[in-house]
Enquirer: 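Encoded as structure tokens, here's the structure I'll be asking about.
Start at 1 and go down the list; that is how both ligands and their atoms are numbered. Hydrogens, waters and symmetry mates are skipped; everything else that's a heavy atom, side chains included, is used. These numbers were taken from a predicted model, which means no experiment stands behind them.
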Amino acid sequence: MTSEQQIQRFMADLKRLEVQARDGPSDPYALAKWRILNRLHDRNETMYYQVLIDNIEEYAPIVYTPTVGLVCQNYSGLFRRPRGMYFSGEDRGEMMSMVYNWPAEQVDMIVVTDGSRILGLGDLGVQGIGIAIGKLDLYVAAAGINPQRVLPVMIDVGTNNEKLLKDPLYLGLQEHRLDGDEYIAVIDEFMEAVFTRWPHVIVQFEDFQSKWAFKLLQRYRNTYRMFNDDVQGTAGVAIAGLLGAVRAQGRPMIDFPKQKIVVAGAGSAGIGVLNAARKTMARMLGNNEAAFESAGRQFWVVDAKGLITEERENIDLEALPFARKVNEASRQGLREGASLAEVVLEALKGSTSTRPAIFAMSNPTKNAECTPEDAFSIVGDNILFASGSPFQDVDLGNGHIGHCNQGNNMYLFPGIGLGTLLSGSRIISDGMLQAAAECLAAYMAEEEVLNGIIYPSTSRIRDITKEVAAAVVKEAIKEDLAEGYREMDARELQKLSQEEIVEYVKNNMWSPDYPTLVYKKD
Ligand SMILES: NC(=O)C1=CN([C@@H]2O[C@H](COP(=O)(O)OP(=O)(O)OC[C@H]3O[C@@H](n4cnc5c(N)ncnc54)[C@H](O)[C@@H]3O)[C@@H](O)[C@H]2O)C=CC1
Ligand SMILES: CC(=O)C(=O)O
Ligand SMILES: [Mg+2]
């Protein structure tokens, strides 16, 4: 059969299931679709990626959030064949030889997790491998990384999920998580092993509990080609959305430092967004100490215990710079521990904004801070709305549509990885991450933004990723970090124009075509 016939056969099978399955985010057949796609992934990788690329808007919610969350929760039962590598606490001292067991000569991209905070679903132990697989699916589909050169990794240091500790089907170590120096020693050994075998690999840290996310990022980012997607990728996507929100109000982007921002959650994602937004504001205000101080006053942070003020006991070091002064809070009618609703209502009271923006970024769908229906009906038809997992647009009546943007790090991490790979940069600098965010912010046309569309549709993800990767390559060249990739050495890279960089990126993106098996002479 031709590849078209094979696709038709597969799609007919899949569509048969979908006839009764059209039920938006609560699609009861989502897991069945994931199984069918997963089986195809196992037996015909090329065709799997053809299906995914051609129907990315439809199947990203299956291989990625929200369905991947459900898959991880049920992974021990769904497991049929292994995918990726598992390094466990019991493999200490062996990892350097273990990496040579992986059959691929070259690995470009690793997504690693320890399963300690999978989406908003908590500690899922080794079942979190599903998230590393899903992220790498997007690396292949969006960034055109060769699927033979990606490696999902699970670091199994145990789990503190009591249910999994007792589950007879659980696939991982059934003991409590390693902690402290023992934990760090495992991650250190893994990093040393993979970078010894593949010195040019890029390692994306994914869904580590915030306790370790920041520490590991600081530990490795100046030595290895790595980044933390939840801290840095999410921050860039949020900044792009926030700048879009300023544009959508009909204001120049330079007005961003005047915006008041309430952040719900002070974990790896929330703190990542806060730090990046503060730096962006400070840059716009003159990039000095006073600008940085003044930018800090635009944020209110609420976590599970409510508003964070300087009165908070045992405050996390990362949240400390954003704690509100007690006097200032009380002048605003707020206090330590005030609820999210109280803080938002106070912020809205003093606001002259014509278009408040509400980003319900938590995943998967059922973890969203609010639904778009809630947001449009309570705050007003004119708001800007984005969510981490996809929602349907809202019919506001009278022919008006409330647009639901998807604000997810999927718009950045594939381009950050691809751009880093093709530049050959030794590290991933703040400048490269900032360039990625600015590229995404600039991607949307004025007309779209004014209509409340601040993030592109996922159907454009391959094109966006190409542009983001080109922006990352350009910045790496500018910062003199680019050491080149294959035949393209550092000197050649420096000679490329903007258009040539985009072309270079495009030419290096893998496409799912069957390899030629029979060579004909003509
Ligand atoms: N849209 C996107 O691209 C991304 C979304 N996320 C999502 O963001 C969420 C948080 O991720 P992390 O920060 O890494 O998790 P985390 O576990 O590090 O932090 C969670 C934070 O939320 C706070 N929290 C819990 N319940 C709360 C409540 N009822 N009200 C206010 N705050 C509350 C906790 O105190 C903690 O500060 C997850 O659901 C994750 O899926 C994360 C990365 C990217
Ligand atoms: C999207 C993502 O990285 C998360 O929810 O953790
Ligand atoms: Mg994540």
Enquirer: Can you check whether Asn408 reaches Tyr64 side chain to side chain, under 4.5 Å on heavy atoms?
Expert: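 Contact flag for Asn408/Tyr64 side chains = yes.
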Enquirer: Which heavy atom of the protein is the closest neighbour of atom 33 (C) of ligand 1, given with residue, atom name and distance?
Expert: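 Looking only at protein heavy atoms, the one closest to atom 33 (C) of ligand 1 is Ala304 N, 3.4 Å.
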Enquirer: Which option out of Leu412, Leu340, Asp303, Val263 puts a heavy atom nearest to atom 30 (N) of ligand 1?
Expert: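 Answer by nearest heavy atom: Asp303.
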Enquirer: Considering only the protein, which heavy-atom contact is closest to atom 4 (C) of ligand 1, and what is its distance?
Expert: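 Sorting protein heavy atoms by distance from atom 4 (C) of ligand 1 puts Asn363 ND2, 3.7 Å first.
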Enquirer: Hey, which atoms in ligand 2 end up nearer than 4.0 Å to a heavy atom of Asn409?
Expert: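 What qualifies from ligand 2 is 1 (C), 2 (C), 3 (O).
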Enquirer: Quick one: does Thr65 get within less than 4.0 Å of ligand 2, heavy atoms only?
Expert: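 Per 4.0 Å heavy-atom rule, Thr65 does not contact ligand 2.
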Enquirer: Below 4.0 angstrom from a heavy atom of Lys135, which ligand 2 atoms are there? Numbered from 1 as shown, please.
Expert: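 Answer, ordered by atom number: 1 (C), 2 (C), 3 (O).
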Enquirer: Write the atom name of the N, O or S atom in Asp207 that is nearest the Mg ion (ligand 3).
Expert: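 Closest N, O or S atom of Asp207 to the Mg ion (ligand 3): OD1.
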Enquirer: State plainly whether the residues Lys135 and Asp207 are in salt-bridge range, i.e. N to O under 4.0 Å.
Expert: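 Salt bridge flag = no for Asp207 with Lys135.
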Enquirer: Take a 6.0 Å sphere around CZ of Arg35 and say whether it holds more than 12 heavy atoms from other residues, nucleotides or ligands.
Expert: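 It does not: Arg35 CZ has 12 such atoms or fewer within range.
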Enquirer: Have a look at ligand 1 and work out which part of Asn367, if any, has a heavy atom under 4.0 Å from it: side chain, backbone, both or neither.
Expert: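 Neither; no heavy atom under 4.0 Å.
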Enquirer: Using the six-membered ring wherever Trp is involved, compare the ring planes of Tyr48 and His41 and label them parallel, tilted or perpendicular (cut-offs 30° and 60°).
Expert: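 Ring orientation of Tyr48 relative to His41: parallel.
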Enquirer: Specify the protein heavy atom at minimum distance from atom 5 (C) of ligand 1: its residue, its atom name, and the distance to 0.1 Å.
Expert: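 Result: Met361 O, 3.1 Å.
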Enquirer: In Glu206, what N, O or S atom is nearest to the Mg ion (ligand 3), if we give its atom name?
Expert: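 Sorting the N, O and S atoms of Glu206 by distance to the Mg ion (ligand 3) puts OE2 first.
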Enquirer: From the Mg ion (ligand 3) out to just under 2.8 Å, does an N/O/S atom of Asp230 turn up?
Expert: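 Yes - counting backbone and side chain alike, Asp230 has an N, O or S atom under 2.8 Å.
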Enquirer: Does Arg278 qualify as a cation-pi partner of Phe292, given the criterion of NZ or CZ under 6.0 Å from the six-membered ring centre and within 45 degrees of its axis?
Expert: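 Output yes; distance and angle both within limits.
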Enquirer: Are Thr223 and Phe195 close enough that some pair of their side-chain heavy atoms sits under 4.5 Å apart?
Expert: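 Sidechains of Phe195 and Thr223: no contact.
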Enquirer: Go through the steps for Asp114 and Tyr183 under the test side chain to side chain donor-acceptor pair (under 3.5 Å), then give the verdict.
Expert: CA-CA 10 Å; Asp114 68 356; Tyr183 174 82; 2.7 Å; yes
Enquirer: Do Leu119 and Asn367 have side-chain heavy atoms sitting under 4.5 Å apart?
Expert: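 Contact flag for Leu119/Asn367 side chains = no.
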Enquirer: Indicate the atoms forming the closest heavy-atom contact of Ala436 with Val472, along with that distance.
Expert: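 Reported closest heavy-atom pair: CB-CG2, 3.9 Å.
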Enquirer: For atom 13 (O) of ligand 1, which protein heavy atom lies nearest, and how many Å away is it?
Expert: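 Answer, as residue, atom name and distance: Ala269 N, 2.9 Å.
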Enquirer: Could you tell me, atom by atom, which parts of ligand 1 come under 4.0 Å of a heavy atom of Gly407?
Expert: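 Once the distances to Gly407 are compared, the set is 1 (N), 2 (C), 3 (O).
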Enquirer: How far is atom 4 (C) of ligand 2 from the closest protein heavy atom, and which atom is that?
Expert: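 The closest heavy atom on the protein side is Leu119 CD2, 3.6 Å.
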Enquirer: Can you tell me if Val237 contacts ligand 1 (heavy atom of the residue under 4.0 Å from the ligand)?
Expert: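 Under 4.0 Å: no for Val237.
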Enquirer: Of Ile110, Asn228, Asp229, which is the lone residue that meets side-chain contact (heavy atoms from CB on, under 4.5 Å) with Phe205?
Expert: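 Result: among Ile110, Asn228, Asp229, Asn228 is the only option passing the side-chain contact (heavy atoms from CB on, under 4.5 Å) with Phe205.
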Enquirer: Considering only heavy atoms of Val302, which atoms of ligand 1 have at least one such atom less than 4.0 Å away?
Expert: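 With Val302 as reference, the close atoms of ligand 1 come out as 31 (C), 32 (N).
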Enquirer: Short list, please: which atoms of ligand 2 are under 4.0 Å from a heavy atom of Glu206?
Expert: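 With Glu206 as reference, the close atoms of ligand 2 come out as 3 (O).
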Enquirer: Counting non-hydrogen protein atoms only, what is the nearest one to atom 15 (O) of ligand 1? Give residue, atom name and distance.
Expert: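 Ranked first by proximity to atom 15 (O) of ligand 1 is Arg117 NE, 3.4 Å.
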Enquirer: Against heavy atoms of Arg117, which atoms of ligand 2 measure under 4.0 Å?
Expert: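 Under 4.0 Å from Arg117, ligand 2 has these atoms: 6 (O).
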Enquirer: Does Tyr64 have a non-hydrogen atom less than 4.0 Å from ligand 2?
Expert: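 Flag set, Tyr64 near ligand 2.
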Enquirer: Are Ile308 and Phe322 side-chain neighbours, meaning at least one heavy-atom pair lies under 4.5 Å?
Expert: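 No. Closest side-chain heavy atoms not under 4.5 Å.
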Enquirer: Decide whether an N or O pair under 3.5 Å exists between Asn408 and ligand 2.
Expert: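 So ligand 2 has no N or O lying under 3.5 Å from an N or O of Asn408.
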Enquirer: Can you report which non-hydrogen protein atom sits closest to atom 5 (O) of ligand 2, along with the distance?
Expert: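 Heavy-atom neighbour on the protein nearest atom 5 (O) of ligand 2: Asn363 ND2, 2.8 Å.
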Enquirer: Hey, looking at atom 37 (O) of ligand 1, which of Pro364, Ala266, Gly388 has the closest heavy atom?
Expert: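 Minimum heavy-atom distance to atom 37 (O) of ligand 1 goes to Ala266.
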Enquirer: Do Ser268 and ligand 1 have an N or O pair less than 3.5 Å apart?
Expert: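 Looking only at distances, the answer is yes, because the N/O contact criterion of under 3.5 Å is met.
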Enquirer: Considering only the protein, which heavy-atom contact is closest to atom 44 (C) of ligand 1, and what is its distance?
Expert: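 Going by distance alone, atom 44 (C) of ligand 1 is nearest to Thr234 OG1, 3.0 Å.
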Enquirer: Less than 4.5 Å apart, side chain to side chain, heavy atoms only: is that true for Ile454 and His403?
Expert: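 Contact flag for Ile454/His403 side chains = no.
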Enquirer: Looking at Glu342 and Arg335, is there a salt bridge between them, counting it only when a charged N and a carboxylate O are closer than 4.0 Å?
Expert: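 Judged by the 4.0 Å cut-off on N to carboxylate O distance, Arg335 and Glu342 do form a salt bridge.
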Enquirer: Could you report the tightest heavy-atom contact between Thr65 and Pro390, atom names first, then the distance?
Expert: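 Scanning both residues, the minimum pair turns out to be O-CD, 3.9 Å.
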Enquirer: Is Tyr75 close to Ile131 at the side-chain level, that is, under 4.5 Å between some pair of heavy atoms?
Expert: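 Not touching, per the 4.5 Å side-chain cut-off.
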Enquirer: Passes side chain to side chain donor-acceptor pair (under 3.5 Å), Glu369 versus Ser362? Steps please.
Expert: CA-CA 7 Å; Glu369 288 74 6; Ser362 285; 2.6 Å; yes
Enquirer: Of all the atoms in ligand 1, which lie at a distance below 4.0 Å from a heavy atom belonging to Gly120?
Expert: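 Every atom of ligand 1 under 4.0 Å from some heavy atom of Gly120: 38 (C), 39 (O), 41 (O).
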Enquirer: Near Asp230, which atoms of ligand 2 are under 4.0 Å from a heavy atom of that residue?
Expert: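 Near Asp230, the atoms of ligand 2 are 2 (C), 3 (O), 4 (C), 6 (O).
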Enquirer: Which ligand 2 atoms does Asp229 reach within 4.0 Å, using its non-hydrogen atoms?
Expert: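 Counting from 1, the qualifying ligand atoms are 3 (O).
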Enquirer: How far is atom 22 (O) of ligand 1 from its nearest protein heavy atom, and which residue and atom is that?
Expert: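 The answer is Gly265 CA, 3.4 Å.
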Enquirer: Report yes or no: does a heavy atom of Met410 sit under 4.0 Å from some atom of ligand 2?
Expert: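 Per 4.0 Å heavy-atom rule, Met410 does not contact ligand 2.
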Enquirer: Does a side-chain N-to-carboxylate-O contact under 4.0 Å join Arg324 and Glu346?
Expert: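 So Arg324 does not pair with Glu346 through a salt bridge.
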Enquirer: Report yes or no: does Tyr49 contribute a side-chain atom to a donor-acceptor pair with the main-chain N or O of Asn146 at less than 3.5 Å?
Expert: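 No; zero donor-acceptor contacts below 3.5 Å.
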Enquirer: I need the contact type for Asp207 against ligand 2. Using non-hydrogen atoms and a strict under-4.0 Å cut-off, is it side chain, backbone, both or neither?
Expert: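 Only the side chain of Asp207 comes within reach of ligand 2.
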Enquirer: Suppose we measure from atom 19 (O) of ligand 1 to each protein heavy atom; which comes out shortest, and what is that distance?
Expert: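 Answer, as residue, atom name and distance: Gly267 CA, 3.2 Å.
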